[in-house]
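The figures here come from the full heavy-atom set of this structure, side chains too, leaving out hydrogens, waters and symmetry mates.
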Amino acid sequence: MNNNTDVFIHPTAEVSEAAKIGEGSKIWNQAQVREGAVLGKNCVISKNVYIDENVHIGSGVKIQNNVNVYHGVTIEDDVFLGPSMTFTNDMYPRAFSKDWKVTETLVKKGASIGANATIRCGITIGEYATVGAGSTVTSDVKPHALVVGNPAAQIGWVCCCGYRLDENGQCPECGSRYEMMNQERESDPD
């Protein structure tokens with residue numbers, strides 16, 4: 001798949017012959033894509049990105065400078081990974097451990113993760129969720145949730161277009177309305 005003429009690979013990028021790169025994708029300077037990695041169509045892999053072995057990345061994904069996507073991470077379509085954010089993949093890391101185990105992480109369709117965020121392994125980030133810059137995510141993130149902080153906590157909801165929903169569950173940008181906020185209130189015992 002790397003012989004596809006619709007793929008751009010910068011001369012300084014290191015892309016394994018055993019990786020699969022979808023048409024229209026661009027891999028920029030000093031990026032490394034390891035063996036067994038699969039990238040969908042029309043992805044942008046920016047400067048100094050590391051994509052570990054056997055990582056699966058969907059189509060339309062944008063990965064900004066200095067991002068590490070380690071073995072065990074799956075990225076669905078249309079995900080945005082901000083500059084210098086990173087994933088982990090071992091719940092109990094020790095340099096001397098012989099029992100190293102990969103703990104899988106899933107980032108679902110349309111989610112966005114801000115600059116310098118850290119995503120602990122073993123969690124799922126829901127569809128169209130947004131993780132604020134600098135946040136440390138230690139538990140699952142609901143679809144359309146807006147989470148920030150260390151540890152990250154939900155402070156609101158976001159539209160598919162990325163804007164924060166108002167108190168009535170409506171997007172101020174595109175006008176879409178969501179019922180999740182009302183459903184959340186109804187299930188709250190307080």
The remaining residues in the hydrophobic cluster of Phe96, counting side-chain heavy-atom contacts under 4.5 Å among Ile, Leu, Val, Met, Phe, Trp and Tyr, are none

Side chain to side chain contact (heavy atoms under 4.5 Å, CB included) filter on Asn66, not counting sequence neighbours, yields Asn48, Ser84

Correct closest heavy-atom pair for Arg164 and Pro172 would be O-CD, 3.2 Å

Arg177 meets the side-chain hydrogen bond (donor to acceptor under 3.5 Å, both in side chains) criterion, sequence neighbours left out, with Gln170

Contacts of Lys101 meeting side chain to side chain contact (heavy atoms under 4.5 Å, CB included) (sequence neighbours excluded), chain-then-number -> none

Here the gap from Phe87 atom CZ to Ile123 atom CD1, rounded to the nearest 0.5 Å, amounts to 8.5 Å

Is there a path from Val131 to Val158 through hydrophobic residues (I, L, V, M, F, W, Y) whose side chains come within less than 4.5 Å of each other?
-> no

Next on the checklist: Could you check whether any side-chain heavy atom of Asn89 comes within less than 4.5 Å of a side-chain heavy atom of Thr103, counting everything from C-beta outward?
Outcome noted: no

Look only at the side chain of Thr88 and the backbone of Cys121, and say whether a donor-acceptor pair between them is shorter than 3.5 Å.
-> yes

- Aromatic ring proximity, centroids under 6.0 angstrom, Trp100 and Tyr92: no

Residues pairing under ring pair (Phe, Tyr, Trp, His ring centres under 6.0 Å) where one sits in residues 108-151, two or more places apart or in two chains, turn out to be Tyr128-His144, His144-Tyr178

Applying side chain to side chain contact (heavy atoms under 4.5 Å, CB included) to Val15 and Ile27, what does each step give before you reach the verdict? CA-CA 9 Å; Val15 179; Ile27 301 173; 3.9 Å; yes

dist Ile45:CD1 -> Gln32:CD (nearest 0.5 Å) comes out at 13.0 Å

Contacts of Lys47 meeting salt bridge (charged side-chain N to carboxylate O under 4.0 Å, His left out) (sequence neighbours excluded), chain-then-number -> none

Are any non-hydrogen side-chain atoms of Lys108 and Thr124 less than 4.5 angstrom apart?
-> yes

Mind running side chain to side chain contact (heavy atoms under 4.5 Å, CB included) on Cys160 and Ser176 for me, showing each step along the way?
CA-CA 9 Å; Cys160 287; Ser176 295; over 6 Å; no

Sorted by chain and number, sequence neighbours left out, salt bridge (charged side-chain N to carboxylate O under 4.0 Å, His left out) with Glu76 holds for none

Identify every side-chain donor-acceptor pair in residues 50-57 under 3.5 Å, counting partners at least two apart or on other chains, and give the distances.
| unit_1 | atom_1 | unit_2 | atom_2 | d |
| --- | --- | --- | --- | --- |
| Tyr50 | OH | Arg34 | NH1 | 2.8 |
| Tyr50 | OH | Asp52 | OD1 | 2.9 |
| Asp52 | OD1 | Arg34 | NH1 | 3.1 |
| Asp52 | OD2 | His71 | N | 3.1 |

Distance col, row Asn65:CG vs Asn29:CG, nearest 0.5 angstrom, shows 8.0 Å

Of all heavy-atom pairs linking Val148 and Gly132, the shortest is CG1-CA, 4.0 Å

Does the side chain of Val61 come within less than 4.5 Å of Asp77's, by heavy atoms?
no

Residues passing the side chain to side chain contact (heavy atoms under 4.5 Å, CB included) test with Glu173, sequence neighbours excluded, are Cys161, Tyr163, Cys171

Requested in this report: List the steps and the verdict of side chain to side chain contact (heavy atoms under 4.5 Å, CB included) for Cys159 and Leu165.
Outcome: CA-CA 6 Å; Cys159 180; Leu165 302 179; 3.8 Å; yes

Applying side-chain hydrogen bond (donor to acceptor under 3.5 Å, both in side chains) to Thr12 and not counting sequence neighbours gives His10

| request: For residues Ile75 and Leu81, determine if any side-chain heavy atom of one lies less than 4.5 Å from a side-chain heavy atom of the other. | output: yes

* To do: Check the hydrophobic clustering (I, L, V, M, F, W, Y; side-chain heavy atoms under 4.5 Å; chains of links allowed) and say if Tyr70 and Ile119 are grouped together.
  => no

Hydrophobic cluster membership, with links at side-chain heavy-atom distances under 4.5 Å among I/L/V/M/F/W/Y: are Val79 and Leu106 in one? no

Are the side chains of Thr74 and Thr105 in touch, meaning some heavy atoms are under 4.5 Å apart? no

When every non-hydrogen atom of Lys41 is compared with those of Ser25, the smallest separation belongs to C-OG, 3.7 Å

Practice prompt. Measure the shortest side-chain to side-chain distance between Trp28 and Val44 over non-hydrogen atoms and say whether it is less than 4.5 angstrom.
Written response: yes

In short, Ser97 meets Asp99 closest at the heavy-atom pair OG-N, 3.1 Å

Are Ser59 and Asn42 side-chain neighbours, meaning at least one heavy-atom pair lies under 4.5 Å?
no

Requested in this report: Report, as yes or no, whether the 6.0 Å neighbourhood of atom CD on Glu14 holds more than 12 heavy atoms from other residues, nucleotides or ligands.
Outcome: no

Rounded to the nearest 0.5 angstrom, the OG1-CG distance for Thr136 and Asn150 is 3.5 Å

Hey, does Ser16 have a side-chain heavy atom less than 4.5 Å from the side chain of Val33? no

Given the rule in the side chain to side chain contact (heavy atoms under 4.5 Å, CB included) test, do Ile113 and Val107 qualify, once you have shown the distances and angles that lead to the verdict?
-> CA-CA 9 Å; Ile113 301 175; Val107 182; 4.2 Å; yes

Contacts of Pro83 meeting side chain to side chain contact (heavy atoms under 4.5 Å, CB included) (sequence neighbours excluded), chain-then-number -> Gln64, Ala115

Residue set satisfying salt bridge (charged side-chain N to carboxylate O under 4.0 Å, His left out) with Lys109, at least two apart, ordered chain then number -> Asp78

CD of Glu23 to SG of Cys43, rounded to nearest 0.5 Å, is 11.5 Å

| request: May I ask you to decide if Ala152's main-chain N or O and Ser135's side chain share a donor-acceptor pair within less than 3.5 Å? | output: no

